[in-house]
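Here's the structure we're looking at; comments come further down.
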Amino acid sequence: MSTTTTGPGRGSRPKHLPGDRFGELVILERLGAVNGSYYAWCRCICGTDGHYGLRHLVSGATVRCSNRDSHPDPRLSEAPAYGTAHIRVSKARGKASEHECPCGEPAEQWAFRHGTQSPLRMAEGRNAGSPYSPDPEQYWALCQVHHTAWDKAEKRVTEGCGDLPSLVHVAYWTATRSPPETF
């Protein structure tokens, strides 16, 4: 990482000086380089001091200290994101692969049951519009085939897909609203 900036008609000036702010961290002192990586001693807005890699500060990968008393882990909030909700399920109930799909095959994924009154929905990103819940009990372990069929049947019934759902979809969706003994 270069420590100076030069330009036409200008002399060099040091980069990333004390007082520079990166997210919630302010550089107090530049530290030396270790194995080619530059470091700085910084103070977070919460008052915690620590050393941080300048590369991570500049890229935005590090924006605050890791003091969880001052900065709670956003993945543990009351309304987590879609991916975080699935991580919570795995922490609470184990990996889906440790369970069996109701069809008797090994489960592969945790599937949202679609049974909550007001499911959360992702606003943007890869899972935009996908319903989910922060409650680990609102998921059941399914194999990939049945997870896909479950979600398609639910979408067809709740959104209509432009026309009325087929009787097969309604029966499948209704029969699987809670985990049956078999499919």
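Starting from 1, each residue takes its place in the sequence as its number.
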Is P134 close to R88 at the side-chain level, that is, under 4.5 Å between some pair of heavy atoms?
-> yes
Going hydrophobic residue to hydrophobic residue with side-chain gaps under 4.5 angstrom, can you get from V34 over to L28?
-> yes
Does R30 reach the side chain of L54, with side-chain heavy atoms less than 4.5 Å apart?
-> yes
Determine, using ring centers only, whether Y38 and H16 are less than 6.0 Å apart.
-> no
Under the side-chain contact (heavy atoms from CB on, under 4.5 Å) rule, what do C46 and T48 come out as? Steps first, then yes or no, please.
-> CA-CA 6 Å; C46 72; T48 304; 3.2 Å; yes
Do I27 and Y39 belong together in a cluster built from hydrophobic side chains that touch within less than 4.5 Å?
-> no
What heavy-atom pair brings A141 and P102 nearest, and what distance separates the two atoms?
-> O-CD, 3.7 Å
Please assess H147 against W110 for the test ring-ring contact (aromatic ring centres under 6.0 Å, His included), listing each intermediate value before the final yes or no.
-> CA-CA 8 Å; H147 187 176; W110 287 108; over 10 Å; no
Hey, is CD on E98 packed in by over 12 heavy atoms from elsewhere, all under 6.0 Å?
-> yes
In terms of side-chain heavy atoms, does S130 have a donor or acceptor partner in R121 at a distance below 3.5 Å?
-> no
Taking the six-membered ring for Trp and the full ring for Phe, Tyr or His, determine whether the centres of H86 and Y82 are under 6.0 Å apart.
-> yes
Parallel, tilted or perpendicular: which describes the rings of F112 and Y139, with under 30° parallel and over 60° perpendicular?
-> tilted
Measure the spacing between NE2 of H99 and CG of L142 and express it to the nearest 0.5 Å.
-> 11.5 Å
Do C65 and S70 come within less than 4.5 Å of each other through their side chains, counting heavy atoms only?
-> no
Going by heavy atoms in the side chains, are N67 and C44 under 4.5 Å from each other?
-> no
Within a strict 4.5 Å, meaning less than it, do heavy atoms of the F22 and V63 side chains meet?
-> no
Short question: side chain of D151, backbone of T148 - any donor-acceptor pair under 3.5 Å?
-> no
Mind checking the CD-CG spacing from E29 to L17? Nearest 0.5 Å is all I need.
-> 12.5 Å
Working to the nearest 0.5 Å, report the span between OG of S97 and CD of E108.
-> 9.0 Å
Write down the atom of R113, the atom of W150, and the distance for their closest heavy-atom approach.
-> O-CZ2, 2.9 Å
Measure the shortest side-chain to side-chain distance between H146 and E105 over non-hydrogen atoms and say whether it is less than 4.5 angstrom.
-> no
Least distance between heavy atoms, S133 atom then Q138 atom | OG-CG, 3.6 Å
Side-chain touch I45/V26, heavy atoms, less than 4.5 angstrom | no
Any side-chain heavy-atom pair of C42 and L57 under 4.5 Å = yes
Drop me the distance from L25's CG to W41's CH2, to the nearest 0.5 angstrom.
-> 12.0 Å
